[in-house]
Amino acid sequence: MNNYLEEVYLKRGISKEVFGLVNKAEASLEKEFKTIDEISEINQLKVLNAMQDVSVNTECLGESTGYGYDDYGRETLEKLYAKVFKAEAALVRPSITCGTHALTIVLSAILRPGDILYCPAGRPYDTLEGVIGLKDENPPGSLKEFNIGYLETPLKDDDFNYPEIEKTLKENKNIKLIEIQRSKGYDARTSFTIKRMGELIEFIRKIREDLIIMVDNCYGEFVELSEPIEIGADVIAGSLIKNPGGGLAPIGGYIAGNTDLIELCANRLTSPGLGAEVGATLGLNRSFFQGFFMSPVITANALKAAVLAAKVYEELGFVTIPPSNSERTDIIQAVKLGKPEYLIAFCKGIQAGSAVDSNVLPEPYPMPGYHSDVIMAAGAFIQGSSIELSADGPLEEPYCVYFQGGLTYPSAKFGISMSVQALQNVLE
Ligand SMILES: *Cc1c(COP(=O)(O)O)cnc(C)c1O
C-alpha cells in the first residue's frame, strides 16, 4: 500500500526523503490524532442532536428573496447555532460578509459615545485596528470617530497581566465592553484555550460584574468540547468561511449571545426596528445547514493537518506555535521560518498542492487591513476560505507562516509534503 502511495507522491515531484519524513511524522502522532477524533465525535453528535432538537426539516433548506420575511430556514438555523453554542440567540447571515464584519457589528451595536472598549489580552486582530481607530490614518467611520475609547493590556510572558488588568478595570469606569481573541491570529503568541479564557473572565467578573464580554471565536469552533459562552462570555462572533461553514458556506458570519445583545446587533446589521426579521437567504440555507453539520469533522481534518505540519517542521528544526504535542484551541499552525525566501517557498508549495489554482504562483502584496505585505496561498473553492488548505504570512520578522485548513486530511498531507519539498528546493 505504502509503495503505491509513495509512487503517487514521487510522480508529483516529492522526493523519497520528504515522503519518508512526512510519513514518519504522521506515524508518531497516533495519540494526538486519537484525541482529535474523540472531540470531533462528541461535537458531531452535539450538532446532530441539536439539529434534531430544533427540528431541521426539508422546508428549512428552501430559499427566500426580497425582504426575507418568515424565512423558516434562517430562523431555524439561528436557533441551531444558539443551541450548539449555548447562547440565548444568534444571527447567522450571508449579509454578514466576513469575520471582521461580524466583530464590527458587535462593537458598533453595543458601544456608545463615551464608552471604552478594553482588550485585556493584547491587541485584537489586524483588521480591527482600522475599525477601532488605532492606525495613524483610520478609515472614515472608525469607533474613534464616534468618540468611543480604547484601552489594551498587552500579554506578559505570554500570559494575562492580572495586576494591570485589575488596575485598568478599577481606574476606567467607562469601560463597557471587553474583547478577547481566542485564536492567535497573526500574532506569535499562544492561542487561549477555553479554560484559560474562563479564568480570565472569572477574574474580570469578580472586579466588575456589569461588563459585557465578547470573544472573537474565529478559528476556534469545534476544536474543543466547549465554546466561550459556556465559560461566561456574553457574545461570540465568527466567520462562516472558517470552521462553522464546514467548507460549504460560500459567505457569511455569525454572532451568538444573550438575547438583548443579539437584538442590538440585529438592529445594527439591518435597521433599528427591522432587526432580525429581514434578510433573505437567497438559497444559501442548504449550504449553511450542511456545512455546520459537517463542521466538526472538517475541523478535525484541519486540526490533524495542523498537527502534522507542526511535527514535520519540528523535525526540520523550526520553532512551531503551538508545538505538535500541545493542547489545541484553534486550527492555526504557525511556523517561524526566519527567512522571507522560506516563507515564500512554503506558500508556493501549499498553493501547488491545492485542488483549485494549483498552477498559480503566490506573491507578496499589500492587503487592506494588514500592516505589511502579505503572501497568501489559497487554492480554494471559496475565495479566501481558510477552512480550506491555506497558508499566509506577513513579510516581516520572524517570517512566520500561518498555516490552516484542509477539508480532507489526505489532501492536506499532500499539500504539507509539497511545502516541505518547495523548502528543500530552496535550501539546496
Ligand atoms: C479571520 C479572523 C478574523 C477576521 O475575519 P475575516 O473573515 O478575515 O474578516 C478576526 N479574528 C480572527 C482571530 C481571525 O482569525
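Heavy atoms only: backbone and side chains are in, while hydrogens, waters and symmetry mates are out. Numbers here are sequence positions counted from 1. All ligand and atom numbering here is 1-based and tracks the order in the structure.
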Among all residues two or more places apart in sequence or in another chain, which pass the ring pair (Phe, Tyr, Trp, His ring centres under 6.0 Å) test with Tyr399? none
Should Lys311 and Glu315 count as an ion pair when the cut-off is N to O under 4.0 Å? yes
Considering both backbone and side-chain atoms of Tyr125, is one of its nitrogen or oxygen atoms within less than 3.5 Å of a nitrogen or oxygen in ligand 1? no
Going by the atom numbers of ligand 1, which of them fall below 4.0 Å from some non-hydrogen atom of Gln181? 13 (C)
Out of curiosity, is Leu103 lining ligand 1, as in a heavy atom under 4.0 Å away? yes
If you measure from each non-hydrogen atom of Thr100 to ligand 1, which part falls under 4.0 Å: side chain, backbone, both or neither? both
Check the orientation of Tyr81 and Phe85. Use parallel for under 30°, tilted for 30 to 60°, and perpendicular for over 60°. perpendicular
Contact atoms of ligand 1, heavy-atom distance to Tyr219 under 4.0 Å: 15 (O)
With a heavy-atom distance limit of 4.0 Å, tell me whether His101 approaches ligand 1 through its side chain, its backbone, both, or neither. neither
Answer yes or no for Lys242 and Tyr125: cation-pi contact, defined as NZ/CZ to six-membered ring centre under 6.0 Å and angle to ring axis within 45°. yes
Taking only Lys NZ, Arg NE, NH1 and NH2, and the carboxylate oxygens of Asp or Glu, determine whether Arg196 and Asp158 approach each other closer than 4.0 Å. no
Tell me whether Lys242 reaches ligand 1 (any heavy atom closer than 4.0 angstrom to a ligand atom). yes
May I ask you to check whether Gly185 has an N/O atom sitting below 3.5 Å from an N/O atom of ligand 1? no
With sequence neighbours excluded, what pairs up with Phe293 under the ring pair (Phe, Tyr, Trp, His ring centres under 6.0 Å) test? none
Phe292 vs Phe222 aromatic rings, parallel, tilted or perpendicular, using cut-offs 30° and 60°? tilted
I'd like to check which ligand 1 atoms, numbered from 1 as shown, lie under 4.0 Å from a non-hydrogen atom of Cys98. 7 (O), 9 (O)
